[in-house]
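Proteins get letters first, then strands, A, B, ... in listed order; numbering begins at 1 in each.
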Amino acid sequence: MPMIEVKNIRKSFGSNTVFDDFSVNFDQSGVTVILGPSGTGKSTLLRCINGLETIDAGDILVDSLSVKEKRNLREIRLACGMVFQQTTLFPHLDVLENLVISPVKIQKMDRKEAVDKARALLDKVGLGGREHSKHNELSGGEQQRIAIARAMMMNPRALLLDEITSALDPEMTAEVLRILEKLAGDGVVMLAVTHEISFAQRVADRVIFLEKGNLVADASVDDFFSGIKSNNERIARFLQNISQG
Amino acid sequence: MFEKYLKLTAYDAVFLLEATGTSLWITLVSISIGTVIGVVMGILRNSRNKLVSAIPLIYIEPLRNSPLITQLFLVYYGLPVVSGIVLDSNTAAIITLSLNTGAFFSVLMHNSIKAIPGAQWEAGLALGHSRLSVFINFIVPQVMRLLVPQAITLYINQLQCSSFVSLIGLIDLTKAGNILNLRTMRPFLIWTIMFAIYFIISYPLSQLAKKLEQKVAFSY
């Protein structure tokens, strides 16, 4: 049974219809990379799954819980941690408090346990010893690595990654992708909207390609980059444009 | 020559101290009430419901766009005519200054909440917090850091504006200065003392606001 079922959703922003009768499922394991041109609904899909955007019709079920029911949102969000494109660290808190506050307040985790867990996660993302830094003392890449650690603090079953490297330079992007590879190796389920093709090739199990709210391709990473890529002119052009920067 | 000019009696000093107390009392009470009004109105202004967010404007806009002195005269002289309720000058001063502070504070509150990027709300919600929990744990601390320096500046301004209450018969610092000036006929001395008292109260507060402003200068 899939972890996330997107069933015939419709989503519009004013007169702009992003999805109309769109469906896709995501399994309980693996890394799925979502590709597609800008404005095609990739980020909107993740935001709808997380309940940050409401859907106009259809339904999205996460572990059989509907995002349309407000009372399910907390459980859905705990199941699907989300990391955003822009930095979202809380600027009034240091790194450690950014990580600790939510499990303590939401999951009633013992504070000492939360601190130990936060330290372990900071080590994992290569930022051990930076517990007391403030967000403006960190580079963009470091902030995103902390945002990943913060999402992991809640023990999510899946991570929704919304173009988390698109605002970073190549060096910082590489730092962040290394962390994601490490987490994928640990078996963390990921849905990643990204333009990092090399990441998709190395880490993803599945690639889906969206255009104008439609599922143009949904394939294993090998099939996508060998067969579909060469058979679908639109995808081939997209990948060529991306590789040319 | 200056020795004679600077001579004031002990009675004058006590009189000035009492008047300073009146100014401070009126200011403290009205900024306290005004802050409560401002917080409530500022939060309502940020409501996602358009009607609810528009309601505070009925209160805020008239008070922001008319002189404090006309508001004071309206409450003290005008209100008894239509309502039959005669307010003593102390009450009229506190009501007017409270409402006036509230109007300006609610604008500061509204702007400070609005200044917090929407991504901060979303980050909190995505971690499983309710909207109330996001507001309390993440938005309020950030709002406070933006709001406090501006609020101190508003409070200093309200202390200075409290001098208008002398026009409805309250013996505040400015009124006391006027009385002493008429009695002693030493305008330079008296108004220098008035200036110094207002300055001694206001300056440390404005420095505090400046320090807080530097401290909260974080970027997103």
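By the side chain to side chain contact (heavy atoms under 4.5 Å, CB included) test, D205(A) is found to be paired with V31(A), residues two or more places apart in sequence or in another chain being considered.
Atom CZ of residue R145(A) and atom CZ of residue R130(A) lie 9.0 Å apart, to the nearest 0.5 angstrom.
No more than 12 heavy atoms of other residues, nucleotides or ligands shown are found within 6.0 angstrom of NZ on K211(B).
By the 4.5 Å heavy-atom criterion applied to side chains, K175(B) and T22(B) are not counted as neighbours.
Residue pairs meeting the side chain to side chain donor-acceptor pair (under 3.5 Å) criterion with at least one partner in residues 146-155 of chain B, sequence neighbours excluded, are T35(B)-Y155(B). Screening residues 22-67 of chain A for ring-ring contact (aromatic ring centres under 6.0 Å, His included) gives F19(A)-F22(A) as the qualifying pairs, with residues at least two apart or on separate chains.
Taking 4.0 Å as the cut-off between side-chain N and carboxylate O, K112(A) and D116(A) count as a salt-bridged pair.
Of the two parts of R150(A), the backbone and the side chain both hold a non-hydrogen atom closer than 4.5 Å to a non-hydrogen atom of chain B. With a 4.5 Å cut-off on non-hydrogen atoms, F84(A) touches chain B through its side chain but not through its backbone.
For a heavy-atom cut-off of 4.5 Å, chain B lies close to M154(A) in residues 152-164 of chain A.
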